[in-house]
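Notes follow once the structure below has been shown.
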There are 2 protein chains.
Amino acid sequence: MARVKKVASQSSPARITVQEVADLAGVSIGTVSRVINNVPGVKPAVIKKVQGAIDELGWSPNIAAQNIRTSSSRMIGFIFSDIRNSLYSSMTKGAEEVLSTRGYLLVTASSDGNPEREVVLIDFFKRRRADGMILTIQEENNNAVLAAIANSGIPHVMMEREIPMGSISIGADHFRGTRQAVQYLLGLGHRRIALITGGRGTRVARDRIRALEEALASAGIEPDPNLFCIDSFAAEYGLSQTQRLMNMKEPPTALLSMGVRLLPGVLEALQLLGKKIPDDLSLICSNDTDIARIVTPQITAVRYDALALGRMAAESLIDQIEKRTHEDRPVRIEIPTELILRNSCRAISS
Amino acid sequence: MARVKKVASQSSPARITVQEVADLAGVSIGTVSRVINNVPGVKPAVIKKVQGAIDELGWSPNIAAQNIRTSSSRMIGFIFSDIRNSLYSSMTKGAEEVLSTRGYLLVTASSDGNPEREVVLIDFFKRRRADGMILTIQEENNNAVLAAIANSGIPHVMMEREIPMGSISIGADHFRGTRQAVQYLLGLGHRRIALITGGRGTRVARDRIRALEEALASAGIEPDPNLFCIDSFAAEYGLSQTQRLMNMKEPPTALLSMGVRLLPGVLEALQLLGKKIPDDLSLICSNDTDIARIVTPQITAVRYDALALGRMAAESLIDQIEKRTHEDRPVRIEIPTELILRNSCRAISS
DNA sequence: TTGTAGGCGTTATCAC
DNA sequence: GTGATAACGCCTACAA
């Protein structure tokens, strides 16, 4: 403890540079640079001397100076709506895992789902000379945002989004996931299946809607537009739409709640209405969360690995930046989903 | 859309510098620099010309170059165990809010609660020349970590931690919060009150334990060491300890579950044992979460504002960095907690 | 009021 | 193999 205190009280370390290391080692700065960059062809004895000097002085290269020379920041930006959304914090963790081992810095930024702020953040990363970006933008067709992306000239991958610019896109297979969920419900005899989801104008939403429509069609069921609630991911939306649905003359017998934040709202509505799962309504949610496992009964879920999504985005982005896969890289990378069967759905006899 | 595509397909923007802006504006680079740094005494007409050139070229100063000159990175690091913990994602959001408006970059890093990794991350931020750090370390007394902090020479604030180095510390008033919760339980007639929490060797744990002990003492109750489970924040720990507690000859009538991740474990144990809240056990949790509000009955919680904690940490850190408050700044900043009364506690007649 | 030039800490291209 | 030295893009005395 005393030792620590002493260290703590030392004055701010005078900025030490290669020059001083070189002097101490009795070599030139060029040699020091060669040593720390593992340039082959330096005499082992010299390497040892230099290492010694580096350790003794506790020096490490000034990264800003490196950046200015190599014109690369080794920093990549990740923009999404809100880090508090567990989906994004998981992706962040995954991305961080691979980026840190590759010597990149990950900087996350929350846009609060505001396109104007997205533009600001993209410009910000441009000024900061980010080497790459991972983007989960709000609307795939917002021109201001698309222009900002293009104008930035920064390599990027779209996370759970797809834009008309040939950017590489990465995401879960929501079409298959939703389709599988609907198939399961159809198998249980359900014919009135409702969907609550958001992200209008994103590939995620399109995939989910199309999956429901096609599954219904292939079962010969006419879709009821009143059962499609596709305007928001907010908990309040889940609440209000569930109330609306359950108060219909002919309410749905099953509901797909697709979006992390929706589930609490849906459950609250059901509780307020005194409706029981699965007796009054069969329920399937997306983004398997703590809540889905904690409530009684546990909720059947369409699960996918957000951590892996983050990892893959980072890997794909690095490949792109370091140009290791050239022009033959795929434009779309998908990970599978998995239907976790629990007790929130019941068979109905009709 | 077509327009966007055209922009997108433009070749990588040739790195443009002050020199070119200066040429276009017909001034010297010095003048351009003065303009962007708002140095007074530049003729308005010239300012306008320079601005025009900047806009036309879409130039912005290379931050790495600025950093090397000003020897400041305007970057601050935030280390905690895991961004997926909602506590930390909320703090991150709060910190980001204030840092971004002050022109700082926030870089978060997860240590997975591993002190060795904490040391690596601290060294990393040192190499990256971070202007400051926000730290939530695992153990307040780990010498390697403390030495790394001291050795880094970087201004920092301890988040929910307190170390023997005079660093400024910021956190919620867990002592009062826990004390209030216990008082409430005592008022309901409970005498056997158990505590599950982790963070051994952190101020948070100490405050909670002390609060329970003092409250019991002031009620003339002899504390039962078997009711203190203070070894981990993990859900599994919540599960196993709840089982152990409920299987005691004389189980507790009330339980404090203090830690975000504990609650799911506690609830699962109760479910497995077929125990009901509040009939078989009165429960109070910390870190009011979705889960506490979703389950039936809803769980009474000790709430505090993690977002505000993040904001305050950032503000305090900036003050420290920019030396606006000199040596008279407080060493400890606390925010209050609030007891949210719900239906998870019952009065007992004994 | 504005231009010039030196320096910030590296890397990389030359010679030696 | 290793040592000078010229960039990299910007800020800031100092000079004009």
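Here is the naming used below: chain letters follow the sequence lines, and residue numbers restart at 1 for every chain.
Judged as a side-chain contact (heavy atoms from CB on, under 4.5 Å), and not counting sequence neighbours, A:S71 has no contacts.
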Quiz item: Using a cut-off of 4.0 Å between protein heavy atoms and nucleotide atoms, how would you tag nucleotides 8-16 of chain D 5' to 3' with B, S and -?
Solution: BBBBBB---

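From B:S73, atom OG reaches atom OH of B:Y104 across 8.5 Å, with rounding to the nearest 0.5 Å.
Between B:Q138 and B:N142, the closest side-chain pair of non-hydrogen atoms is not below 4.5 Å. At a threshold of 4.5 Å between non-hydrogen side-chain atoms, the residues A:F80 and A:L87 do not count as touching.
The pair B:R102-B:E315 fails the salt-bridge criterion, with no side-chain N (NZ, NE, NH1 or NH2) lying under 4.0 Å from an Asp/Glu carboxylate O.
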